[in-house]
Protein chains: 2
Amino acid sequence: MAAAAKEGETRRHVLDCAARLFSREGYAAVSLRGIAAESGIKAGSLYYHFESKEEIVIEILNVGVQLVHAAVERAIGALPPQAPVAQGIGVAMEAHLQALHKASDYTSANIRIFGQLPQSVQNAHRPVRRSYDLLWSELLGRGVRSGELRDDINIPRLRAFLLGAMNASLEWYNPKSVSVARLASDLAAVVLYGAAYAAPLAAPGPALARKA
Amino acid sequence: MAAAAKEGETRRHVLDCAARLFSREGYAAVSLRGIAAESGIKAGSLYYHFESKEEIVIEILNVGVQLVHAAVERAIGALPPQAPVAQGIGVAMEAHLQALHKASDYTSANIRIFGQLPQSVQNAHRPVRRSYDLLWSELLGRGVRSGELRDDINIPRLRAFLLGAMNASLEWYNPKSVSVARLASDLAAVVLYGAAYAAPLAAPGPALARKA
DNA sequence: GTCTATAGGATGATAGAC
DNA sequence: GTCTATCATCCTATAGAC
């Protein structure tokens, strides 16, 4: 029992250190010796906890998405069922951004290195991403059906735009300048209602429509 | 003359190959042997054209931003001076996205690996980024002064959000599904006027305001 | 301009002592 | 569970022939 807890603790400690290194230096630049040194153990000892460098990185990818997914699911679930979808989007965006920046070693490692990993690693992680995407597709789809969002909308494109814009904040957001709550409400206001004061004389045309 | 042209050609060919590899595999994962093989020469020969791996990557970073910067500057310059800023933003977004996806090896290498490079390399490239940021700050600032954009706006934050959202499209946009021109007009419509049909009963509150 | 050859060091992974 | 020691391989960069 104590041994199991200890093993789990060491494993998680190694993942924490590795996530920090991966996000700052990239996947290939980080050596197992580096991860071990950061964790306070020796390189050979890593092989007691993990089978390979790939197993380490896959677990980091999964944790990064799952922490955000769980936080957003909790936030949406806490709303009354009849709440307007616009409110759901606002709440989901805040939960996403809070979790994103709280677990930033995991989430930024995920976003920065995913595209550079071997196909086998990308494929092992992909279902976790797909599951989170689905949550957003459902939320945005409800908005379209309820008439709150433009009905000429391409949901996968709006979802990619929204998630991409939020995730990119890992590269520029500075917690010293403003709270995450404020960041979230500002971004939600722009995404839902726009940065301009009013529509131009000519109609802006259908946004994110289904076809070119 | 022919020799000079040849040298420039080889140099650019090597950069093209290296940019493609860096964007797909990351900085540390790409070896000079790999760049040389992709370019059709041998590793030792690279040192006739470049002093080091760092010199190669710095040039790739600079080219990526400068191509986009030049395209956006050209597009804005072609507008009549009295054109509304909203139109300028639309034109600039389209030019940014067109150049971004046309030179995608350079631009995605830039965005994916910048944060993982040694500080010395980041610092060498930073002025090029700052100069492009300035162009957007001026454009958005004109929008606020002309009354077209919310005057409670924090310009650096709106700029980071906008550029981050567009650049993230490198990770999800598929040219087979829709043209870049359409992508650009859809994103501009959302950013300027929002994805929702109308403001909620309660005012959405100041967006991207200056302070927390 | 491009080549071959190589110096000097770091890497992922394994074997086996404790 | 953690250690040391090691293998085979790969890396950046340089030297010097052609």
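Remember, predicted model here, so these are calculated numbers, not experimental data. Hydrogens, waters and symmetry mates are skipped; everything else that's a heavy atom, side chains included, is used. So that the names make sense, note that chain A is the first sequence line, chain B the second, and so on, each numbered from 1.
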note: B:Tyr47, atom OH; C:dT2, atom P; distance rounded to Å ~ 16 Å
Under a 4.0 Å threshold between the charged nitrogen and the carboxylate oxygen, would A:Arg142 count as salt-bridged to A:Glu148? no
When rounded to whole Å, the NZ to C1' distance for the pair A:Lys42 and C:dT11 reads 17 Å
*Can a salt bridge be assigned to the pair A:Glu171 and B:Arg112 using a cut-off of 4.0 Å between side-chain N and carboxylate O?*
no
note: A:Glu55, atom CD; C:dG12, atom P; distance rounded to Å ~ 15 Å
B:Tyr27 atom OH is separated from D:dC11 atom P, nearest whole Å, by 14 Å
> Checking A:Asp105 side chain against A:Ala19 main chain: does a donor-acceptor pair fall under 3.5 Å?
Replying inline: no
Closest to the 5' end of DNA chain C, once A:Ala43 and A:Gly34 are matched to their nearest nucleotides, is A:Gly34
Interatomic distance, CZ@A:Arg159 vs CG@A:Leu134, rounded to 0.5 Å, equals 8.5 Å
Counting only side-chain nitrogens and oxygens, does B:Ser45 get under 4.0 Å of the OP1 or OP2 atom of C:dC3? yes
- Between B:Arg129 and B:Asp133, does at least one N-O distance fall below 4.0 Å, as a salt bridge requires? no
From CD of A:Glu9 across to P of D:dT2 the rounded distance in Å is 11 Å
To the nearest angstrom, the CG-P distance between A:Leu32 and C:dT14 comes to 11 Å
Between NE2 of A:His49 and C1' of D:dC3 the distance, given in whole Å, is 12 Å
Of B:Glu54 and A:Ile41, the one whose nearest nucleotide on DNA chain D sits closer to the 5' end is A:Ile41
Closest of C:dG12, D:dA13, C:dT2 to the B:Lys53 side chain is D:dA13
Assert: residue with more 5' nearest nucleotide on DNA chain D, out of A:Arg33 and A:Gly40, is A:Gly40
When rounded to whole Å, the NE2 to P distance for the pair B:His13 and C:dG1 reads 15 Å
Just N and O in the side chain of B:Ser31: are any of them under 4.0 Å from OP1 or OP2 of D:dC10?
no
